[in-house]
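For reference, the structure is listed below as structure tokens.
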Amino acid sequence: MPLERLISARQLTIEVLHDIFQRARKMRAICQNSGRTSLLADKMIGLVFLEPSSRTLLSFQSAAQRLGAGIVFIQGVGSTSFEKGESLSDAIKVVSGYCDLIVARLPKSGDAQIASAASSVPFINAGDGGNEHPTQSLVDTFTIMEELGSLANLDYAFGFDPLQSRSIHSLCLVLSQFENVGFDFISPPELQAPGWLIEQCQSRNVRVSQSNALSELKNPDVIYLNRLQEERFPDRSLFEKYRYEYRLTPEQIPSSTRLILDPLPRVDEIALSVDELPIAGYFRQAQNGVYIRMALLSMLLGRTL
Ligand code: CP
């Protein structure tokens, strides 16, 4: 069954991943050769971004334009009728009359479900509060597949805010489908992975461990880091307490490590000196965002190259 809406990484079955990866490879070839195609020349994409974004917003814009589509957008609430008290549902109903697909980044967990229900056109969750970021997990898994050739039979370490990182939540949901994977969550004690995520992973036979110190890193194949989610801390002193304590340096990287990823933006979680290592894949990962989002737009709009 082809996807029409993407709300959660739970929808990203192995079959869907396979389809999107195949499309993304074709999109990469287009970007590297002619640079664009007219596959979606008759389509209009609506971008509704009510939380800050650089990568997700720009890569969707780039993807839409490389596919020949037009764009209408809302960026931030300041210049829109949200300022006058318009509801999310009403706004999305209106925007869906202006375009053929909506991509939305929304501030609260669960907002994506509400917005999708209000939309009369295909809908993509580009991050809803501290809940999920399913298009990021497509970017992440595509990058791992292209760099390591497999998503199975790998040990993954996740840090440093698995409680509040929507990127970690969605990536774990996708990776937990694969055979023989282990997840080691590294975080301060107050920011451990949520119970629902641990239970989901264990129910799928993932080897799960948790630790509070970088020095306790096991032997990961992939280290996936995300900044402490400053904007989601109810108590700012907790953020200040840990922001410099959890930082990966070259000396702390176990020799087993084959790839280091970060959805970015990087703040304090990775020392700049790590960038020099060939296994530092986070800028290649960000670039893959364009190919993956071209693939996703084409899939949800029912077009094939
Ligand atoms: N990875 C990611 O979602 O980055 P932005 O917040 O800049 O979109």
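Ligands are counted one by one from 1 in listed order, and the atoms in each one are counted from 1 as well. Model, not experiment: these values are computed from the prediction. Throughout, numbering of the chain's residues begins at 1 and tracks the sequence.
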Ligand 1 contacted by H133 (non-hydrogen, < 4.0 Å): yes

Report, as yes or no, whether the 6.0 Å neighbourhood of atom CZ on F283 holds more than 12 heavy atoms from other residues, nucleotides or ligands. yes

Atom 6 (O) of ligand 1 sits nearest the protein heavy atom R105 NH1, 2.8 Å

N or O pair under 3.5 Å between L57 and ligand 1: no

Are L154 and L175 packed together at the side-chain level, in the sense that at least one heavy-atom pair is separated by less than 4.5 angstrom? no

Closest approach of P122 to L300 (non-hydrogen atoms, all atoms of both residues): CG-O, 3.8 Å

Cation-pi check, R105 onto F49 ring (under 6.0 Å, within 45° of axis): no

Surrounding CD of E4 (heavy atoms of other residues, nucleotides or ligands, distance under 6.0 Å), is the total greater than 12? no

Quick test: of every protein heavy atom, which one is nearest to atom 4 (O) of ligand 1, and how far off is it to 0.1 Å? R55 NE, 3.1 Å

NZ/K218: more than 12 non-hydrogen atoms of other groups inside 6.0 Å: yes

If we number the atoms of ligand 1 from 1 as shown, the ones under 4.0 Å from a heavy atom of S54 are 5 (P), 7 (O), 8 (O)

Using a 4.0 Å cut-off to any heavy atom of T56, which atoms of ligand 1 qualify? 2 (C), 3 (O), 4 (O), 5 (P), 8 (O)

For the 3.5 Å polar cut-off, considering only N or O atoms, please tell me whether L264 and ligand 1 meet it. yes

